[in-house]
> 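For reference, the structure I am asking about is given below.
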Amino acid sequence: MIKGRFAPSPTGRMHAGNVFSALVAWLVAKSQGGSIVLRIEDLDAERSKPQFIDAVQRDFEALGLTWDEGPYFQHDRDEAYQAAYDELCERGLVYPCFCTRADLHAASAPHHGEKLVYAGTCRNLTDEERTERMKERRPASRLIVPDETLSFVDGIQGEYSQNLAAECGDFLIRRSDDAFAYQLAVVVDDAAQGVNSIVRGVDLLCSTPQQMYLQDLLGYPHPSYAHVPLLVAEEGRRLSKRDHDAALDALLERFKTPAGIIGHIAGITGIAPTCDPATPEQLLATFDLQAFASSIPNNVQIRWS
Ligand code: GLU
């Protein structure tokens, strides 16, 4: 049985890009008789706001993007993250990192898609050096990666490979303030919640090998992946919460009804042949992931209009 997911971070209202990836996640699961889990990714306690937790659920409901299970909340899941973290530590795969800028945004999904390769600066510190540094600063924790290339076939992007040592480097699994990092939490949650079909923005494509590596270490199965193109305001700039005309309230004003919004997004992204109003349920009748994937004009960026 296919189980997909919506995994919003409640750091703002939804915009057209979030609606697009949730719509594809829903269509992929439902077109195969599957279900959807809703998981609120509020790991980043400072940026997550209660009003957005409510709003995101109301928005999904209004759009006809139904879920079958949840909401689950990451703030309830510390014990599970801790158990996975302890297991990795016991196997000698984790070391403290004292690099200062390192952990700034580790709890958030790294949406820019640009990856800084960690040089391994703190990997070989001696025990004395670690004790000494610990007096000045709480360390973050990094997972040691092997010189290994991970490959998989993405349902939309096709074949993708990454050498973990060369293109990623040892990555953060915990911040210096003790919050677990996005990469670890998302892997533990997807496995625990039985998610086996992941649909999300292509900006997270380069995180997938890290997540697959964690799945291997923790003995979890690999889900299938499909990374959808980003909706961009202009060449190279993804829609964001700053683009108010793409935020949900503005979309409702422009398209009048939830079906107006869904239909427009389906039309400009190639899910449907026209931009006529449509509900997710109506789009389901003709949706096929492979057909959609091979017909998208550009699988990295689609201009929002
Ligand atoms: N919570 C992340 C976001 O809002 C998504 C993470 C994921 O799909 O793996 O962008």
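Counting starts at 1 for both ligands and their atoms, in listed order.
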> Given Gly12, Ala185, Ser21, Ser9, identify the one with the heavy atom nearest to atom 3 (C) of ligand 1.
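Going through Gly12, Ala185, Ser21, Ser9 one by one, Ser9 has the nearest heavy atom to atom 3 (C) of ligand 1.
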> Testing the basics here: between Phe287 and Ser31, what is the closest heavy-atom pair and its distance to 0.1 Å?
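Between these two residues, the closest heavy atoms are CD2-OG, 3.9 Å.
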> Could you list the atoms of ligand 1 found under 4.0 angstrom from a heavy atom of Tyr182?
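Those of ligand 1 that fall under 4.0 Å from Tyr182 are 6 (C), 7 (C), 9 (O).
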> Ligand 1 versus Arg5, non-hydrogen atoms closer than 4.0 Å: side chain, backbone, both, neither?
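For Arg5, the contact with ligand 1 is made by the side chain alone.
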> Could you tell me whether Arg133 and Glu136 have a side-chain N and a carboxylate O separated by less than 4.0 Å?
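No salt bridge links Arg133 with Glu136.
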> For ligand 1 and Ala7, I'd like to know whether there is a polar contact (N/O to N/O, distance under 3.5 Å).
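By distance alone, the answer is yes.
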> Taking 4.0 angstrom as the limit and counting only heavy atoms of Arg200, give me the atoms of ligand 1 inside it, by number and element.
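Heavy-atom distances to Arg200 below 4.0 Å select 7 (C), 8 (O), 9 (O).
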> Would you indicate which of Gln211, Met14, Glu41 comes nearest to atom 1 (N) of ligand 1 when only heavy atoms are counted?
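That would be Glu41.
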> Which residue, Trp67, Tyr72, Phe60, forms the ring-ring contact (aromatic ring centres under 6.0 Å, His included) with Phe6?
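For Phe6, the ring-ring contact (aromatic ring centres under 6.0 Å, His included) test succeeds with only one of Trp67, Tyr72, Phe60, which is Phe60.
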> Would you mind listing which atoms of ligand 1 come within a distance below 4.0 Å of any non-hydrogen atom of Val186?
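This gives 9 (O) as the contact atoms.
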> Check whether Lys3 reaches the backbone of Gln193 with its side chain - one donor and one acceptor, N or O, closer than 3.5 Å.
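Yes, because the side chain of Lys3 sits within donor-acceptor range (under 3.5 Å) of the backbone of Gln193.
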> At under 4.0 Å between heavy atoms, is it the side chain or the backbone of Leu204 that contacts ligand 1, or both, or neither?
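Within the 4.0 Å criterion, Leu204 contacts ligand 1 through side-chain atoms alone.
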> Hey, does the side chain of Arg91 reach the backbone of Leu217 with a donor-acceptor pair shorter than 3.5 angstrom?
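Here the side-chain-to-backbone pair exists.
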> Establish, from distance only, whether the side-chain atoms of His227 and Thr208 form a donor-acceptor pair under 3.5 Å.
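His227 vs Thr208: donor-acceptor pair found between side chains.
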